[in-house]
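Notes to accompany the following structure.
Being a predicted model, the structure only gives us computed values, none of them experimental. Labels below follow one simple rule: chain letters A, B, ... track the order of the sequence lines, proteins then strands, and each chain is numbered from 1.
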2 protein chains.
Amino acid sequence: MKLITRETDYAIRILKAIAEKPGRSAASIELSKELGIPVAFVRKILQVLARKGPLTSTKGKGGGFVLTTPLDKILLVDIMIMFQGPVSLGDCLFGKKLCGNRASCSLRCIILELEGTIRERIKNVTIASL
Amino acid sequence: MKLITRETDYAIRILKAIAEKPGRSAASIELSKELGIPVAFVRKILQVLARKGPLTSTKGKGGGFVLTTPLDKILLVDIMIMFQGPVSLGDCLFGKKLCGNRASCSLRCIILELEGTIRERIKNVTIASL
DNA sequence: ACATAATAATACTATTTTGGTATTATTCAA
DNA sequence: TTGAATAATACCAAAATAGTATTATTATGT
Ligand code: FES
Ligand code: FES
């Protein structure tokens with residue numbers, strides 16, 4: 001069971017790597033080499049970050065990606081949500097369909113509670129702090 | 001992300017169903033029909049429970065499975081461990097190998113902390129209480 | 001003894017999720 | 001106008017989970 005998926009993990013590293021090159025744009029090949037992540041995969045992640053997230057891209061020669069938000073304003077949860085969806089410990093399914101006794105189920109209750117704790121704990125964690 | 005996997009979920013229901021038939025042994029087909037879980041899958045789960053867990057089986061005509069421990073002595077974690085392994089939120093892997101800066105990593109730290117909270121919370125939860 | 005009703009053991013298959021590639025189009029600047 | 005970059009999207013692979021099938025063994029009632 002993984003709280004942080006590989007894509008999220010890579011996304012964090014990529015953001016940090018870009019932040020280390022202030023004032024100029026970072027090309028995907030450069031990031032790929034630096035981090036040892038396959039270039040095609042880096043691009044895929046960068047695209048998500050560019051579309052939904054805290055960086056912009058410029059095409060063409062000399063192009064690349066630039067942060068639009070400082071790392072200490074980027075929340076870990078937001079990156080997680082981008083790549084893994086909302087933090088959740090799973091709905092109780094019985095067979096393939098949603099389980100009936102959700103309302104009264106104490107296991108569900110525990111799961112929701114734990115979900116809350118996790119959310120609460122990571123709520124304020126920024127990328128800068130990692 | 002699922003705290004409880006389907007097998008674990010089924011295992012819990014199966015244990016509860018068996019407990020409702022005190023004094024006699026429950027056959028896998030019976031449990032299968034009652035719970036609507038495919039019989040072959042029920043058997044697979046029962047086998048694990050019989051080998052590592054809180055019930056015994058008797059073969060032959062009139063055979064089946066009997067609880068050896070009352071539900072209020074069976075811990076949820078133990079069932080989880082049987083079917084999913086120890087409660088963990090994942091080791092930080094970089095690429096395919098274990099990440100280097102484990103010692104100083106604050107994300108890892110948060111993850112371990114949350115793991116602890118989860119373990120602490122479910123530590124005393126018995127099957128009877130669900 | 002023997003047929004039958006049950007589990008035991010284990011190997012196999014299918015589905016889903018995650019991780020990763022490839023391909024083609026577009027854009028910008030020298 | 002060419003080449004170095006990203007955009008978009010479709011595709012493929014590996015791993016984890018979910019489920020099936022097959023064969024062997026064991027116990028019991030007759
Ligand atoms: S048994 Fe399904 S919500 Fe708990
Ligand atoms: S970056 Fe790997 S343990 Fe944190």
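- With rounding to whole Å, B:L93 atom CG is found 15 Å from D:dA14 atom C1'.
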- Test side chain to side chain donor-acceptor pair (under 3.5 Å) on A:T8 and A:Q84 and set out the steps. CA-CA 8 Å; A:T8 308; A:Q84 324 179 172; 2.6 Å; yes
For nucleotides 5-11 of chain D, list the nitrogen or oxygen atoms of the protein found under 3.5 Å from its nitrogen or oxygen atoms, one pair per line.
| unit_1 | atom_1 | unit_2 | atom_2 | d |
| --- | --- | --- | --- | --- |
| D:dT6 | OP1 | A:S28 | N | 2.6 |
| D:dT6 | OP1 | A:S28 | OG | 3.1 |
| D:dT6 | OP2 | A:S28 | OG | 2.5 |
| D:dT6 | O3' | A:S57 | OG | 3.2 |
| D:dA7 | OP1 | A:S57 | OG | 2.1 |
| D:dA8 | N7 | A:Q47 | OE1 | 3.3 |
| D:dA8 | N7 | A:Q47 | NE2 | 3.0 |

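- Atom pair B:I4:CD1 and D:dT17:P shows a separation of 13 Å (rounding to whole Å applied).
- The distance between atom CZ of B:F41 and atom C1' of D:dA18, rounded to the nearest whole Å, is 5 Å.
- The interatomic distance linking B:K96 (NZ) with D:dA13 (P) rounds to 14 Å, in whole Å.
- With rounding to whole Å, A:I37 atom CD1 is found 12 Å from C:dG19 atom P.
- Note on residues 95-109 of chain B: no pairs pass side-chain hydrogen bond (donor to acceptor under 3.5 Å, both in side chains), not counting sequence neighbours.
- Residues B:I14 and B:V42 have side chains in contact (heavy-atom distance under 4.5 Å, counting atoms from C-beta outward).
- Annotation: side-chain hydrogen bond (donor to acceptor under 3.5 Å, both in side chains) contacts involving residues 119-130 of chain A, sequence neighbours excluded, comprise A:E115-A:R119, A:E120-A:K123, A:R121-B:E113.
- The interatomic distance linking B:L55 (CG) with C:dT7 (P) rounds to 12 Å, in whole Å.
- Atom CZ in B:F83 sits about 16 Å away from atom C1' in D:dA16, given to the nearest Å.
- Between the CD atom of A:E7 and the P atom of C:dT17 there is a distance of 15 Å, given to the nearest Å.
- Contacts between residues 10-25 of chain B and DNA chain D, defined by a heavy-atom separation below 4.0 Å, involve B:Y10, listed by number.
- Between atom CD1 of residue B:I79 and atom CG of residue B:L49 there is a gap of 5.5 Å, rounded to the nearest 0.5 Å.
- A donor-acceptor pair is defined here as one N or O able to donate and one able to accept, closer than 3.5 Å; no such pair exists between the side chain of B:K2 and the backbone of A:L89.
- Residue pairs meeting the salt bridge (charged side-chain N to carboxylate O under 4.0 Å, His left out) criterion with at least one member in residues 4-15 of chain B, sequence neighbours excluded: B:E7-B:K44, B:D9-B:R13.
- Contact check for B:L3 versus B:I118: side-chain heavy atoms found under the 4.5 Å cut-off.
- Applying the side chain to side chain contact (heavy atoms under 4.5 Å, CB included) criterion to A:T69, with sequence neighbours excluded, gives A:P54, A:K73, A:I74.
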